[in-house]
*Asks:* 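Before anything else, here's the structure in question.
Throughout, a chain's letter reflects where its sequence line sits, starting with A, and its residues are numbered from 1.
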Amino acid sequence: DAGVTQSPTHLIKTRGQHVTLRCSPISGHKSVSWYQQVLGQGPQFIFQYYEKEERGRGNFPDRFSARQFPNYSSELNVNALLLGDSALYLCASSLAEISTDTQYFGPGTRLTVL
Amino acid sequence: GQQLNQSPQSMFIQEGEDVSMNCTSSSIFNTWLWYKQEPGEGPVLLIALYKAGELTSNGRLTAQFGITRKDSFLNISASIPSDVGIYFCAGVTGANSKLTFGKGITLSVRP
């Protein structure tokens with residue numbers, strides 16, 4: 001069975017541009033969460049979506065937005081990119097939204113902002 | 001905000017040695033998790049702990065959920081070269097599945 005998949009694997013953008021990152025959860029998983037991992041740090045929670053509704057938001061500016069589609073895949077959008085947005089963006093899926101559900105991470109999208 | 005503290009940042013051990021990693025917090029967590037991340041990959045779950053005092057093993061790995069719910073440790077016994085990677089602790093507090101991660105410990109194993 002396929003795990004969590006993310007696209008693209010790498011992306012280079014310039015300041016001020018916007019970017020869309022995509023995530024496909026494990027088949028049957030209805031919850032998708034997004035994390036930002038800056039080099040040398042642990043992942044930081046951005047959003048959680050369950051059944052197409054936002055269920056949690058981390059401490060990120062409004063330039064960050066996300067949505068979940070009827071097939072449970074998800075997009076993360078970042079507008080007006082800053083140099084500090086350069087990071088590995090991770091998507092994790094789980095069966096439901098409860099804390100005891102195991103979250104499985106994808107390989108991430110490496111975003112570089114020049 | 002909530003923070004998980006992991007130190008030191010890096011650990012260097014000889015193949016065959018045991019190693020222990022701690023994770024502490026000033027806040028209470030209801031679930032503690034240990035992940036391993038290798039270059040170019042996302043974190044992979046090693047052990048999940050759901051009850052205070054719980055001790056759980058997964059092969060050569062053993063982890064415990066602290067009684068106070070503010071700490072956890074991970075032990076790796078008889079280390080091998082493939083244990084190399086970054087080890088993260090993570091905690092969950094509320095009803096949703098938001099994970100709070102530590103900064104990670106980079107483990108190097110000398111053959």
*Asks:* Would you call D18(B) and R60(B) a salt bridge, using N to O less than 4.0 angstrom?
*Replies:*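 No.
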*Asks:* What do the steps show when you test S10(B) against T106(B) for side-chain hydrogen bond (donor to acceptor under 3.5 Å, both in side chains), and what is the final call?
*Replies:* CA-CA 5 Å; S10(B) 302; T106(B) 300; 4.7 Å; no
*Asks:* If you look at every heavy atom in D85(A) and L111(A), which pair is closest and at what distance?
*Replies:* O-CD2, 3.8 Å
*Asks:* Side chain, backbone, both or neither: which part of L45(B) has a non-hydrogen atom closer than 4.5 Å to chain A?
*Replies:*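 For L45(B), the side chain is the part near chain A, not the backbone.
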*Asks:* If we ignore angles and hydrogens, is there a donor and acceptor under 3.5 Å between the side chains of Q68(A) and E51(A)?
*Replies:* no
*Asks:* Chain A: which of G102(B), C89(B), G42(B), P43(B) shares the most heavy-atom pairs with it under 4.5 Å?
*Replies:*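 Most heavy-atom pairs within the cutoff with chain A belong to P43(B).
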*Asks:* Regarding S31(A) and Q48(A), is there a side-chain donor-to-acceptor distance under 3.5 Å anywhere?
*Replies:* yes
*Asks:* Counting only non-hydrogen atoms closer than 4.5 Å, does Q6(A) touch chain B with its backbone (N, CA, C, O), its side chain (CB onward), both, or neither?
*Replies:* neither
*Asks:* For each of Q37(B), Q6(B), Q9(B), tally heavy-atom pairs with chain A at distances under 4.5 Å, and name the one with the top tally.
*Replies:*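 The option with the most such pairs is Q37(B).
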*Asks:* What part of Y104(A) is in contact with chain B, defined as an atom under 4.5 angstrom from a non-hydrogen atom: side chain, backbone, both or neither?
*Replies:* neither
